[in-house]
Amino acid sequence: MNPPYDIICIGAGPTGLACAIEAKRAGLRPLVIDKGVLCNSLYRYPVNMVFFTTPELLEIGDLPFVSGAEKPTRVEALKYYRKCVEHYDLELRLGETVTRVDGGDGSFRVHTRVTENNPAIKTRDGGAGAASDDPVVKRQKGVEITPLLAHENVYESRKLIVATGYYDLPNRLGVPGEDLPHVSHYYTEPHPFWRQDVVVIGGKNSAAEAALDLYRSGARVTLVHRRAELGSTIKYWVRPDIENRIKAGQITALFETRVVRIERDAVHVVGPPSGAPASNNDPVVERQKGVSSRESHGDQELSRATKSTPLLAHEKVLPAVHVFALTGYHPDFDFLRQLGVKLDLKTNKPALDAQTLESNVPGLYLAGVVIGGNHTSEIFIENGRFHGKQIIAALTGTPLAVAQP
């Protein structure tokens with residue numbers, strides 16, 4: 001049994017690190033546990049991503065974030081948070097999945113599993129540290145299999161902070177073929193898809209920016225969105241860009257359209273309603289004429305299996321060597337429920353004290369985006385980074401005004 005800690009933070013993102021830093025500055029002994037790598041969500045952002053915010057709004061622990069430009073990059077952010085951990089000499093357990101928590105306030109016991117060849121340490125795809133036998137993955141797929149455990153640890157702590165974020169769990173489409181190897185819920189970079197047919201599913205920022213990046217790198221992009229228009233929250237400088245590319249026919253967009261299944265080299269969709277015109281350069285139109293966009297560029301044609309599969313009424317087939325299903329993400333509500341945290345039936349917002357951030361479970365605190373429930377756009381690094389100050393002020397009895405710099 002490991003020696004007890006004062007606080008265990010579950011989640012090693014910026015918010016979890018900020019909580020651990022504030023605990024250490026208050027003279028407490030924190031431990032940070034994460035099933036993935038350090039700042040796993042940031043690590044799995046698009047390779048060349050630039051933050052919308054300025055560097056000072058990403059700072060934690062009163063450590064300056066120096067960027068080479070007005071807005072920092074993903075690479076700069078990852079370097080900054082590594083330096084924060086080193087500066088405060090935080091104790092971390094990375095690549096360990098929390099399997100259960102027992103005990104209670106003053107004496108929690110956190111059980112973790114370390115899996116051999118943990119994919120979180122080796123790859124950027126497939127859930128933040130989610131191994132094939134990860135209980136989160138099993139919950140998503142409805143699989144009830146008891147995994148073989150490679151290694152287990154148990155840690156004791158007086159208090160718990162859950163700051164697990166939301167980027168680990170994509171909003172799945174729930175269609176056949178979603179787990180094929182060429183389907184990803186995370187966008188990385190465009191280079192491998194030069195002169196290839198790519199389908200991007202979604203209509204908000206991630207989908208719009210991925211579609212633009214792919215188009216500018218030579219991919220043939222089709223954007224599929226179930227609503228009649230792009231999301232209202234798309235960044236103000238991205239909206240005219242994506243709308244102009246669609247208007248010019250440089251990116252094909254299918255609105256009021258839903259995916260019904262995905263195959264090895266094609267995406268099957270239904271919609272829009274009968275009578276709605278398709279754009280002249282729509283790959284669906286080309287295929288209905290007997291020519292796919294791959295064929296028109298001299299590439300390999302669609303598989304015979306795809307061409308021979310009977311279609312539903314109003315069903316269309318889009319050629320695709322890769323599919324980016326960028327339909328959003330959500331916190332691990334099942335994990336919160338397992339901990340005993342009560343969630344609102346409609347919003348999934350947890351029951352907690354707004355001042356101390358203590359949940360309905362004594363001694364268990366929540367920080368970051370998990371507080372927002374379904375409304376994941378309410379909390380970002382910029383405001384979640386202060387949650388650690390609130391929690392530690394409550395634990396130490398220090399007025400929050402004094403605890404803040």
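Using a 4.5 Å cut-off on side-chain heavy atoms (C-beta onward), N153 and H111 make no contact. Considering only heavy atoms from C-beta on, T164 comes within 4.5 Å of V370 through its side chain. Using a 4.5 Å heavy-atom cutoff, the side chains of P14 and R385 are not in contact. Side-chain contact between I8 and I161 is absent, with no heavy atoms from C-beta onward closer than 4.5 Å.
In summary, R109 and D102 engage in a salt bridge, as defined by a charged side-chain N under 4.0 Å from a carboxylate O. For the pair R245 and E243, the salt-bridge criterion is not met [side-chain N within less than 4.0 Å of a carboxylate O]. In this structure, R337 does not pair ionically with D332, as no charged nitrogen and carboxylate oxygen lie closer than 4.0 Å. Between K83 and E86 there is a salt bridge, since at least one side-chain N of the basic residue sits less than 4.0 Å from a carboxylate O of the acidic one. Salt bridge annotation for E152-R113: absent, with no cationic side-chain nitrogen under 4.0 angstrom from a carboxylate oxygen.
Around NZ of K204, the count of heavy atoms belonging to other residues, nucleotides or ligands within 6.0 Å does not exceed 12. Around NZ of K247, the count of heavy atoms belonging to other residues, nucleotides or ligands within 6.0 Å does not exceed 12. Crowding of K71 atom NZ: a count of heavy atoms from other residues, nucleotides or ligands under 6.0 Å exceeding 12.
D213 and Y215 form no side-chain donor-acceptor contact under 3.5 Å, judged by distance and modelled atom types alone. N374 and H330 share no donor-acceptor pair across their side chains, judged by distance under 3.5 Å alone. With hydrogens and angles left out, the side-chain atoms of E56 and T54 include a donor and acceptor closer than 3.5 Å. Side-chain contact annotation: R239 with N205, donor-acceptor N/O pair under 3.5 Å absent. The closest side-chain donor-acceptor pair between N348 and H375, if any, does not fall under 3.5 angstrom.
I21 contributes atom CD1, which lies 5.5 Å from atom CG of L90 (distance to the nearest 0.5 angstrom). Distance OG/S359 to CG/L352: 7.5 Å, rounded to 0.5 Å. Note that OG1 of T257 and NE2 of H225 are 10.0 Å apart. Values are rounded to the nearest 0.5 Å. Once rounded to the nearest 0.5 Å, the distance linking CD of E256 with CZ of R227 reads 10.5 Å. With rounding to the nearest 0.5 Å, the separation of OG1 in T53 from CD1 in I381 is 9.0 Å.
Using cut-offs of 30° and 60° on the angle between ring planes, the pair H322 and F324 is tilted. Classification of the Y236-F52 ring pair by plane angle, with boundaries at 30° and 60°, yields perpendicular.
The backbone N or O of D241 sits nowhere less than 3.5 Å from a side-chain atom of N244 that would complete a donor-acceptor pair. At least one donor-acceptor pair closer than 3.5 Å links the side chain of H182 to the backbone N or O of R264.
When all heavy atoms of N360 and G340 are compared, the closest pair comes out as ND2-O, 3.0 Å. Scanning both residues, F51 and A77, for their nearest heavy atoms gives CE1-CB, 3.5 Å. In terms of heavy-atom proximity, I391 sits nearest to A367 at CD1-CB, 4.1 Å. Scanning both residues, F65 and P55, for their nearest heavy atoms gives O-CB, 3.4 Å. Scanning both residues, Y80 and L58, for their nearest heavy atoms gives CE2-O, 3.8 Å. When all heavy atoms are compared, the tightest approach of I234 to L230 is CD1-CB, 3.7 Å.
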Going through the distances and angles, do Y5 and E91 end up as a side chain to side chain donor-acceptor pair (under 3.5 Å)? CA-CA 10 Å; Y5 294 89; E91 191 171 352; 2.7 Å; yes
Go through E178 and R261 one step at a time and tell me if the salt bridge (Lys or Arg N to Asp or Glu O under 4.0 Å) criterion holds. CA-CA 8 Å; E178 187 172 4; R261 72 178 183 273; over 6 Å; no
Intermediate values then yes/no, side-chain contact (heavy atoms from CB on, under 4.5 Å), E22 and H387: CA-CA 10 Å; E22 295 305 322; H387 290 168; over 6 Å; no
Let me see the working for L364 and V341 under side-chain contact (heavy atoms from CB on, under 4.5 Å), right down to the final yes or no. CA-CA 9 Å; L364 193 158; V341 177; 4.1 Å; yes
Verify side-chain contact (heavy atoms from CB on, under 4.5 Å) between Q338 and R100, making sure each step is shown before the conclusion. CA-CA 8 Å; Q338 289 173 7; R100 75 178 190 275; over 6 Å; no
What do the steps show when you test L92 against L38 for side-chain contact (heavy atoms from CB on, under 4.5 Å), and what is the final call? CA-CA 9 Å; L92 274 66; L38 180 68; 3.6 Å; yes
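Residues meeting the ring-ring contact (aromatic ring centres under 6.0 Å, His included) test with Y329, sequence neighbours left out: Y167, Y186. A search for ring-ring contact (aromatic ring centres under 6.0 Å, His included) contacts involving Y365 returns nothing, not counting sequence neighbours.
D6 pairs with exactly one of R29, K159, R158 by the salt bridge (Lys or Arg N to Asp or Glu O under 4.0 Å) rule, that one being R158. The side-chain contact (heavy atoms from CB on, under 4.5 Å) with V323 is formed by just one residue from the set V267, V224, V200; it is V267.
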